[in-house]
Amino acid sequence: MSNKELITYLRSFAISKEIFNIKIKEGNIDILKRYYDDMYKKASILVMDDEYVGNTFDNLEKINILIKKS
């Protein structure tokens with residue numbers, strides 16, 4: 001997946017509703033890490049506001065595993 005394709009995918013990905021399941025190249029890790037950091041901050045704020053974000057954190061865990069593998 002090219003950088004542009006990954007960015008397009010992440011922009012349209014509904015992290016709280018969809019299952020994260022894509023294959024990425026090692027060169028895409030920086031993009032994925034930025035996305036992870038941004039979404040983790042947003043999800044943490046929702047938790048503080050007592051909103052349910054279980055699926056979001058499940059997807060964030062999958063992304064984090066991909067980041068750590070590279």
Side-chain angles (χ1 to χ4, degrees):
M1 179 175 278
S2 72
N3 287 351
K4 185 176 180 180
E5 290 171 325
L6 178 59
I7 291 168
T8 300
Y9 172 81
L10 293 174
R11 283 185 180 153
S12 64
F13 178 64
I15 195 167
S16 63
K17 298 177 184 173
E18 299 176 37
I19 302 298
F20 184 81
N21 188 22
I22 62 167
K23 294 182 181 184
I24 62 163
K25 296 181 197 174
E26 191 171 320
N28 292 338
I29 292 299
D30 290 338
I31 295 168
L32 196 58
K33 179 148 178 36
R34 282 193 307 266
Y35 176 81
Y36 172 85
D37 291 342
D38 289 345
M39 295 310 294
Y40 189 87
K41 287 176 191 173
K42 289 178 184 177
S44 294
I45 290 168
L46 292 175
V47 169
M48 286 185 255
D49 289 340
D50 294 328
E51 292 188 32
Y52 179 74
V53 290
N55 196 40
T56 299
F57 279 109
D58 290 345
N59 283 320
L60 286 170
E61 180 62 25
K62 290 178 184 179
I63 293 169
N64 194 32
I65 290 169
L66 281 174
I67 291 169
K68 287 180 178 181
K69 283 184 180 179
S70 60

Which heavy-atom pair separates [X] from [Y] by the least distance, and what is that distance?
X	Y	value
A43	T56	CB-CG2, 3.7 Å
F57	S44	CZ-N, 4.1 Å
N59	E18	ND2-O, 2.7 Å
I15	N55	O-ND2, 3.6 Å
I24	I29	CD1-CD1, 3.4 Å

Between atom CD1 of I22 and atom CD1 of I63, what is the distance when rounded to the nearest 0.5 Å?
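Answer for the CD1-CD1 pair, I22 versus I63, is 8.0 Å.
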Please report the interatomic distance CG(L66) to CD(E61), rounded to the nearest 0.5 Å.
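Answer for the CG-CD pair, L66 versus E61, is 10.5 Å.
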Residue list, salt bridge (Lys or Arg N to Asp or Glu O under 4.0 Å) with K33, at least two apart or on another chain
D37
Using the salt bridge (Lys or Arg N to Asp or Glu O under 4.0 Å) criterion, which residues pair with D38? Sequence neighbours excluded.
none
More than 12 heavy atoms of other residues, nucleotides or ligands under 6.0 Å from CZ of F20: yes or no?
yes
Test of understanding: with ring pair (Phe, Tyr, Trp, His ring centres under 6.0 Å), list the residues that count as partners of Y9, not counting sequence neighbours.
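Residues passing ring pair (Phe, Tyr, Trp, His ring centres under 6.0 Å) with Y9: F13.
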Any side-chain heavy-atom pair from I31 and R34 closer than 4.5 angstrom?
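Yes, at least one pair of side-chain atoms sits under 4.5 Å.
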Could you walk me through whether N3 and N28 pass the side chain to side chain contact (heavy atoms under 4.5 Å, CB included) test, one step at a time?
CA-CA 6 Å; N3 287 351; N28 292 338; 2.4 Å; yes
Using modelled atom types and a 3.5 Å cut-off, is there a donor and acceptor pairing between side-chain atoms of N64 and backbone atoms of Y36?
no
Decide side chain to side chain contact (heavy atoms under 4.5 Å, CB included) for I19 and K62; before the verdict, give the C-alpha distance in whole Å, the side-chain angles of both, and the deciding distance to 0.1 Å.
CA-CA 9 Å; I19 302 298; K62 290 178 184 179; 3.1 Å; yes
